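Since the structure comes first, as structure tokens, the remarks are kept for the end.
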Amino acid sequence: MKTINSISSSKKFDKGHVFYRFEDKQFYINNLMRFIKNGLESKQCILIIENMRALPLIKATIDKKFIHKQKESIRLVNNFDYYLANGDFHTKTILTHFQEDLSMLKMKNTMIEHGLT
């Protein structure tokens, strides 16, 4: 897992789990949208695991800023549901779930791309 302080730090890796600590919600949303945009431009799938209180604002902002085809590569998940999906909070279990989720997202995205060709 990487901890980043700004969106410019996020360009230094191409995969993994990012912990982003913030105090200003709008600043966080703006950085998250840049992070998503950078990932989409690099043809990456984006999995956002976030607090349920923040999800409606994030979803509304994504809906305004990205087209349907781009949104197919973005997945939003409630962090409580996600981390406890397998009944425990052990790092190994969470990372296994994370890898499975990314694999499904990539497979779905690949099928969509092939379907449009």
Side-chain angles (χ1 to χ4, degrees):
M1 175 167 64
K2 290 202 178 223
T3 301
I4 62 171
N5 297 317
S6 71
I7 198 64
S8 61
S9 302
S10 70
K11 293 180 180 181
K12 296 177 182 167
F13 67 97
D14 62 355
K15 62 183 175 180
H17 187 191
V18 177
F19 170 77
Y20 187 95
R21 185 172 175 222
F22 66 94
E23 293 178 18
D24 180 335
K25 187 182 283 189
Q26 192 55 53
F27 183 77
Y28 167 67
I29 296 295
N30 293 341
N31 274 345
L32 179 59
M33 293 307 117
R34 283 192 292 273
F35 178 81
I36 292 170
K37 182 178 180 278
N38 290 341
L40 294 174
E41 287 172 353
S42 298
K43 307 283 189 230
Q44 299 207 8
C45 299
I46 312 295
L47 173 62
I48 301 167
I49 305 167
E50 184 54 76
N51 183 296
M52 67 189 286
R53 292 183 306 266
L55 286 175
L57 177 58
I58 292 170
K59 182 175 181 342
T61 307
I62 287 171
D63 286 344
K64 288 179 193 172
K65 293 196 176 277
F66 300 101
I67 63 172
H68 178 74
K69 183 170 174 22
Q70 291 172 309
K71 290 188 286 187
E72 290 175 338
S73 295
I74 303 168
R75 177 150 186 240
L76 296 174
V77 181
N78 176 335
N79 64 351
F80 184 80
D81 293 339
Y82 189 85
Y83 291 124
L84 294 176
N86 292 312
D88 66 48
F89 197 75
H90 298 294
T91 303
K92 185 175 180 179
T93 305
I94 292 167
L95 291 175
T96 299
H97 185 198
F98 180 70
Q99 289 300 324
E100 290 169 357
D101 210 9
L102 285 180
S103 294
M104 281 190 340
L105 192 55
K106 285 180 182 177
M107 184 172 61
K108 177 183 173 189
N109 194 42
T110 302
M111 288 189 305
I112 292 167
E113 288 176 12
H114 291 312
L116 296 174
T117 310

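None of these values were measured; they are calculated from a predicted model.
Distance check: Phe35 CZ to Leu40 CG gives 10.0 Å after rounding to the nearest 0.5 Å. From Leu55, atom CG reaches atom CD1 of Ile49 across 10.5 Å, with rounding to the nearest 0.5 Å. For the atom pair NZ of Lys37 and CZ of Phe66, the computed distance is 8.0 Å after rounding to the nearest 0.5 Å. To the nearest 0.5 Å, atoms NZ (Lys25) and CD (Glu23) are separated by 13.5 Å.
Atom NZ of Lys59 has 12 or fewer neighbouring heavy atoms from other residues, nucleotides or ligands inside a 6.0 Å radius.
Tracing side-chain contacts under 4.5 Å through hydrophobic residues (I, L, V, M, F, W, Y), one reaches Leu76 starting from Leu57; they form part of the same cluster.
Contact record, Glu50 with Ile58: CG-CD1, 3.5 Å, taken as the closest heavy-atom pair.
Scanning for side chain to side chain contact (heavy atoms under 4.5 Å, CB included) contacts around Gln26 gives Asp24, Ile29, Asn30, with sequence neighbours left out.
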side-chain contact (heavy atoms from CB on, under 4.5 Å) evaluation trace for Ile48 with Ile62: CA-CA 11 Å; Ile48 301 167; Ile62 287 171; 4.2 Å; yes

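You'll find the side chain of Asn38 stays beyond 4.5 Å of the side chain of Gln44, heavy atoms only.
Gln70 places a side-chain N or O within 3.5 Å of a backbone atom of Ile67 that can act as its donor or acceptor partner.
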